[in-house]
Protein chains: 2
Amino acid sequence: MRKLKDSRRAEIVDAALLVAAEQGIKAVSMRAVAARLGLTPMALYGYFRNKDELLDAVIGRMLAEISRPATGLGWRETILHLAAEVRSVARRYPTVVPLLFTRPAVSPSAIMVIDLLFDALLRAGVEPARVPRMERMISTFIIGYAISEVGGRFSEGSLDTRSRRAQLHPDLLPAHQLLAEHLDAPVDWDAEYQADLDGFLDIVAALAARDRREPIAEPRPSRPPGRPDAERLSRSSGAGSRPDPVR
Amino acid sequence: MRKLKDSRRAEIVDAALLVAAEQGIKAVSMRAVAARLGLTPMALYGYFRNKDELLDAVIGRMLAEISRPATGLGWRETILHLAAEVRSVARRYPTVVPLLFTRPAVSPSAIMVIDLLFDALLRAGVEPARVPRMERMISTFIIGYAISEVGGRFSEGSLDTRSRRAQLHPDLLPAHQLLAEHLDAPVDWDAEYQADLDGFLDIVAALAARDRREPIAEPRPSRPPGRPDAERLSRSSGAGSRPDPVR
DNA sequence: ACCTGAACACCGTTCAAGT
DNA sequence: ACCTGAACACCGTTCAAGT
């Protein structure tokens, strides 16, 4: 089992990812993957104990498409890079992404991404004891948002006020009525994602400062530095810049 | 189709949820659900167009177990209540929860929960235009964290440094090496969830203040009011209380 | 109005066998 | 070392029929 040719194993995983990309995750059957390689289903069991193990490998293969951040990038740009990569991978393989939340992050590529996040947070000056949970929060947000977007949790069905009202008596949804005009507005997902993530990173910066570790000197490229607070969370929602209450 | 007895429909959904709770989501087949009711699989197709539609109803049924927050609760307690309810539902039906991220939130119970969140954010004083995305961020975190915990993304496989090192050459994981002592420490998930969520709510409060809408007077029960910042994010990680850099 | 029976085109996986 | 064939116990869903 362990010494079957690795190249064959890779071929199988590639085939599975292709099937997923082309026909959805439901189409990824041992039989379909084997057929794509001109094999019998049973051939795969020489390389994977069962289908779950194959799917774990598919997740790893997908995450392996995340490119390493360029060396010399600051901690903030590193995280933004990784977040953008996750997003682009999610769009490339939308039906595979939900598996990320379903299986533990055990593949080498997943662990390497986590290591890069750890490293970035340490460079940000976050206290080491706090780094692991900070990483969990950030990656929960990044993955959660990616899945929600491609998986349809944010899609029309959930946004359209009219279809909601059609299902429930309006009186049961008072807040929806108050927000009606804002619920049907088109959403710029890229901007929202970017702004929310920026907000997170401002918090990271604030925590790092609080930890009294010298944050790596690193100007924020997109706006003047020195305002490590939650302001970014509101950026793309149309409010003008107002005095900042937390500083 | 539309006028088949609603009670029968509910029986079917209940049966499906029971099968899921007892034998996992994979065991929820049209055949198994039907058998539990003494029916033929084909009987279900009178009530649901297909299996996906049944699963959507199962999600709705699960969310219907979320209890309404008591009237008179403040916005903050309302959100904390809902978050705690999602968490407890997730533990009750761990294998069903991942479906939350897979299907749009279209069931009446999902919409009602969202309406309660909208209402809480409005009462917090958040500008209406900003409420929908604030809701998306909060519920992404709440659901994402719930799934990660029950679904195993945070489980041993992903936390144990030793097993990671066994897979990859240590030199490839420099940050893991630096953090080794903190990675094997036991995690109090409840405390982490609570603290992170508190951090979010501090941000909400800060944004509301910035929006210049009068926040509903509402003392924070768990600590002195008036510090709407990111501090809570670090609460349970062992750092003593230090001067707050953002205020 | 509600349900069944038979059939079709699929699954994952085991076991034994082939080269 | 690598793969196949046959078989088992399952799937979701369609169609026609029953009461």
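Computation of the quantities below employed the complete heavy-atom set of this structure, encompassing side-chain atoms and omitting hydrogens, waters and symmetry-equivalent molecules. Proteins get letters first, then strands, A, B, ... in listed order; numbering begins at 1 in each. As the structure is a computational prediction, the values presented were derived from the model and not from experiment.
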Next item on the list: Find the distance A:Arg31:CZ to D:dC8:C1' and express it as a whole number of Å.
Entry: 11 Å
Notebook entry, point to check: Rounded to whole angstroms, how far apart are CD on A:Gln23 and P on C:dC10?
Noted result: 12 Å
Next item on the list: Round to the nearest Å and state the distance from A:Arg9 atom CZ to D:dC3 atom P.
Entry: 14 Å
Next item on the list: Take the angle between the ring planes of A:Tyr145 and A:Trp189 and call it parallel below 30°, perpendicular above 60°, tilted in between.
Entry: perpendicular
Notebook entry, point to check: Looking only at side-chain N and O atoms, does A:Thr40 come under 4.0 Å of OP1 or OP2 in D:dC3?
Noted result: no
Next item on the list: Could you tell me the separation between the CD atom of A:Glu53 and the C1' atom of C:dG12, rounded to a whole number of Å?
Entry: 14 Å
Item checked: Rounded C1' spacing from C:dA9 to D:dA9 in Å -> 16 Å
Note to self: Quick check on C:dT13: is either OP1 or OP2 less than 4.0 Å from any side-chain nitrogen or oxygen of A:Tyr45?
What the structure shows: yes
Checklist line | D:dC8 - base-pair partner by Watson-Crick or wobble geometry, distances under 3.5 Å | finding: C:dG12
Notebook entry, point to check: Relative to the ring of B:Phe118, is the ring of A:His176 parallel (under 30°), tilted (30 to 60°) or perpendicular (over 60°)?
Noted result: tilted
Note to self: Using modelled atom types and a 3.5 Å cut-off, is there a donor and acceptor pairing between side-chain atoms of B:Tyr47 and backbone atoms of B:Ala10?
What the structure shows: no
Next item on the list: Quickly work out the B:Ile12 CD1 to C:dC2 C1' distance and round it to whole Å.
Entry: 11 Å
Note to self: Can you tell me if B:Arg8 touches the phosphate of C:dC3, counting only side-chain N or O atoms and a distance under 4.0 Å to OP1 or OP2?
What the structure shows: yes
Note to self: Taking pairing as Watson-Crick or G-U wobble with both contacts under 3.5 Å, can you name the mate of D:dA1, or confirm there isn't one?
What the structure shows: C:dT19
Checklist line | Nearest to side-chain heavy atoms of B:Leu39, which nucleotide of C:dC11, D:dT4, C:dT4 | finding: C:dT4
Checklist line | For the student: nearest non-hydrogen atoms of A:Leu63 and A:Ser107, plus distance | finding: CD1-OG, 4.3 Å
Next item on the list: Scan B:Met42 against the nucleic acid and name what it touches under 4.0 Å (heavy atoms): base, sugar-phosphate only, or nothing.
Entry: base
Margin query: Starting the side chain at C-beta, find the nucleotide from D:dG12, C:dG12, D:dC2 nearest to A:Lys5.
Written below: D:dC2
Checklist line | B:Asn50 CG to D:dC11 C1', straight-line distance once rounded to whole Å | finding: 14 Å
Checklist line | Between C:dC2 (P) and B:Phe48 (CZ): distance, integer Å | finding: 14 Å
Checklist line | Minimal non-hydrogen separation, A:Ser148 against B:Thr140, with atom names | finding: OG-OG1, 4.2 Å
Check: So, is A:Tyr47 near the phosphate of D:dC3, with a side-chain N or O under 4.0 Å from OP1 or OP2?
Finding: yes
Next item on the list: Choose from C:dG12, D:dT13, D:dG12 the nucleotide whose nearest atom is closest to any side-chain atom of A:Ser29.
Entry: C:dG12
Checklist line | Whole angstrom value for the distance that separates C1' of C:dT13 from CG of A:Leu44 | finding: 12 Å
Notebook entry, point to check: What nucleotide among C:dG12, D:dG12, D:dC11 has an atom nearest to a side-chain atom of B:Ala32?
Noted result: D:dC11
